[in-house]
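Here the structure is a predicted model, which means the values were calculated and not measured. Letters go in sequence order (proteins before strands), and every chain restarts at 1.
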2 protein chains.
Amino acid sequence: MQANIGDVAQRAQVSASTVSRAFKHPELVAKATRERIARAADELDFAASRSASVFQTGQTFRIALLLNDPSSTWFNAHIYEGLDSVFHPAGYDIAIYPIGTSGDRHAFFEDLPIRRNADAVIIASFDVDSKEIARLHSMNVPIIGINALPEDVFDYSIATDDDYAMRLVTRHLLTLGHKDIAYIDLDPPENADGSLHYSANRRSNGFLAECAEAHIEPAMLHVSNTGQRVDHALTQLFALNHMPTAICCEQDRIAVPLLSRLQRLGYAIPDALSITGFDDSTYAREVGLTTIRQDPHDMGARAARHALDLIAKADNDFETTDETASKTGVSTPPIHESTQIRMMFRMSTGPATSAA
Amino acid sequence: MQANIGDVAQRAQVSASTVSRAFKHPELVAKATRERIARAADELDFAASRSASVFQTGQTFRIALLLNDPSSTWFNAHIYEGLDSVFHPAGYDIAIYPIGTSGDRHAFFEDLPIRRNADAVIIASFDVDSKEIARLHSMNVPIIGINALPEDVFDYSIATDDDYAMRLVTRHLLTLGHKDIAYIDLDPPENADGSLHYSANRRSNGFLAECAEAHIEPAMLHVSNTGQRVDHALTQLFALNHMPTAICCEQDRIAVPLLSRLQRLGYAIPDALSITGFDDSTYAREVGLTTIRQDPHDMGARAARHALDLIAKADNDFETTDETASKTGVSTPPIHESTQIRMMFRMSTGPATSAA
DNA sequence: TTGTATGCGTTATCAT
DNA sequence: ATGATAACGCATACAA
């Protein structure tokens, strides 16, 4: 069927070890031999079995990625893309574990084939239980957090400061003179139980804090995150005593289509109504939505690079562990990065109308 | 460090094979023993090494997914999600191979660790060279096509009939009385050379064919697929002698933001201007875009299910190949499915204005 | 129902 | 610079 390393060895008149070396440590093989081997491999259509070398190496070349929302979400899809842009070239596969409930999460940490089946675990967009993580740590698997809390359980984490970012948005609206503001957030899907926390909470906190400081009482609307989310949002808006002069959305995902619908319904934006989003996701720029920019692709790529470092370090630590231990292992401390926040000012926000 | 099958065997007072069996073929192990093993495994935090069993099995439990566009694209992200929804529970990982140019594609088929490193190859959204595919076939790796041509090189394929679907859209516009129509398509990114064909071509063909039958001469606009795509499209529209009464877009991706921008610019839609898309992707419903519905998640899931069948079959074939061969192997013929096309009629299309 | 023996393809160690 | 050899951890064929 398929040539293996032995066939190549035979054809190139060398031993199997030399063939292996020719691929893994070319510098240790004489140029002539190397070329002979290359030719033989080529002629036989040889490709080293990934499974075999992975097995022998002890590494799995697999990354476990824990996601709450569907992977097709704007944020998650870009996170994945960023991760893969680093991991794939490095020979790693990414396996996505959907975590819808804290039960799922618990099951993952409880049952899961951790140490043997993933070289690193990456957790995106939901908060986590220190005890669960502890088990992973004891297994020497790097844990990486993306927009996840608490920071200190991760070997590396990168996050957007949601609270602060949303405060900026809110201040922008307040500065424009808005006093009559509605906040819209997307409720997590029903199957999610309360114990799975999302960064969403931190955004509304930031908003509320700023409003409180300004002695403003906003209207808080909760929209269920389904196909009908815009209709649901509109329903609640119209149910208010009067239309606010500004709408602050937890996500572009609701802000973008809402902006479009409100315009069609005749609301002059921003003259009569301002609206803000969060993410700078699909079409936010095109529709002119004022929003907070996040770059999940970059976050993913960074996370992946740090993951590779950590994996390499974990391997070394392991080798030197027993007695030699912790002599060289100064064990660089965990890194916790904040993404740089940037606000995108676009046409969807403007001065409050004096006539409410 | 980590318990292996031997440790469990020892603790449960059985042989390693029995432990292995207890997991892979529980029905062959006495209940009492099974429970004893389960307990031992639990106490030791044992999890079978994926690498080792994968290696031993000969399967790779890996799927190669060839993608042209970025994986974060609406279509690709949903394809991936659909695939993963079937593959992940079945224990398979998906590895994405970005194919930007026909060179990439060629390299994949030429160099690549196929047979040994993937149990199936899935090609999404671009057309392929029969000769390249032939090599894979000779290696007994199932090849699956999603919106890819030519059909007959795939062991299973599922596709939207782009030509036909776009004809439907076009007829809808013609029926409404539009005679002055512009077609906008997104040029593939620059780095893509001409030899990589996309389903996009089939859409414009359908459009042109219908126009020809109706003796109508449309304006064909090509927009480069960058961040500026909407501005680029607007520029070209305004450069025409006069505004058309209808704009037919190759993708929602341009139609959705274009619709929004044109509205803001004061065009009454659909009274003065109709616009259509293709995909029914993000926000198409919310902004009221008439479009063709595609369900890439479903396409992916179907493709994955067929892939699993084919993999199972390939394994059997292989075992029975030599002499016994092709006796049982009636070798079910390839299946080529068409997705069911549905048009979503929404507010963005209406009768042509008599006054051009 | 369970145990023994063997092999999967590669790489690392240790000689040479 | 290269070769011989021994693992790596599991799953199967076969024996009992």
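- Within 4.0 Å (heavy atoms only), V54(B) reaches no atom of the nucleic acid at all.
- For the pair T33(B) and dT2(C), the criterion of a side-chain N or O lying under 4.0 Å from OP1 or OP2 is met.
- With dC10(D), dT11(C), dT2(C) as the choices, the nucleotide that has an atom nearest any side-chain atom of T57(A) turns out to be dT11(C).
- Across the protein-nucleic acid pair, R36(A) atom CZ and dT2(D) atom C1' stand 11 Å apart, rounded to whole Å.
- Evaluation of atom-type donor-acceptor distances gives a pair under 3.5 Å for the side chain of R21(B) against the base of dG3(C).
- Taking CD1 of I37(B) as the start and OG of S20(B) as the end, the distance is 9.5 Å to the nearest 0.5 Å.
- Atom CD1 of I5(A) is separated from atom C1' of dC8(C) by 14 Å (rounded to the nearest Å).
- Checking the phosphate oxygens (OP1, OP2) of dA1(D), no side-chain nitrogen or oxygen of H25(A) falls inside 4.0 Å.
- Backbone-only contact: V29(B) has heavy atoms under 4.0 Å from sugar-phosphate atoms and none from a base.
- Between the side chains of T60(A) and D119(A), at least one donor N or O sits under 3.5 Å from an acceptor N or O.
- Rounded to an integer number of Å, the gap from CG of L28(B) to P of dT12(D) is 11 Å.
- Protein atom CD of Q59(A) is 14 Å distant from nucleotide atom C1' of dT10(C), rounded to whole Å.
- In this structure, CD of Q10(B) is placed 14 Å from P of dG9(D), rounded to the nearest angstrom.
- In this structure, CG of N4(B) is placed 13 Å from C1' of dA7(D), rounded to the nearest angstrom.
- Salt bridge K313(A)/D309(A): absent, no basic N to carboxylate O contact under 4.0 Å.
- OP1 or OP2 of dG9(D) has not a single side-chain nitrogen or oxygen of S49(B) nearer than 4.0 Å.
- Among N76(B), V121(B), I122(B), the one residue that satisfies the side chain to side chain contact (heavy atoms under 4.5 Å, CB included) test with L65(B) is I122(B).
- Applying the 5.5 angstrom centroid cut-off and the 30 degree plane-angle cut-off, the aromatic ring of F55(A) is stacked upon the base of dC8(D).
- Within the 4.0 angstrom heavy-atom criterion, base atoms lie near S17(B).
- Residue contacts for S20(B): at a heavy-atom cut-off of 4.0 Å it reaches a base atom on one of the strands shown.
- Counting any heavy atom pair closer than 4.0 Å across all strands shown, F46(A) reaches sugar-phosphate atoms only and no base atom.
- Atom-to-atom, NZ of K24(A) to C1' of dT2(D) comes out at 19 Å; the value is rounded to the nearest Å.
- Taking a cutoff of 4.0 Å between a charged side-chain nitrogen and a carboxylate oxygen, D93(A) and R50(A) qualify as a salt bridge.
- Each of G6(A) and Q56(B) has a nearest nucleotide on DNA chain C; the 5'-most of these lies closest to Q56(B).
- The side chain of T18(B) contributes an N or O atom lying less than 4.0 Å from OP1 or OP2 of dG3(C).
- Considering only side-chain atoms of S15(B), the nucleotide from dG3(C), dA11(D), dG3(D) that sits closest is dG3(C).
- Between E27(B) atom CD and dT1(C) atom C1' there is a gap of 13 Å when expressed in whole angstrom units.
- No hydrogens or angles considered: nothing links the side chains of N147(B) and S125(B) as a donor-acceptor pair under 3.5 Å.
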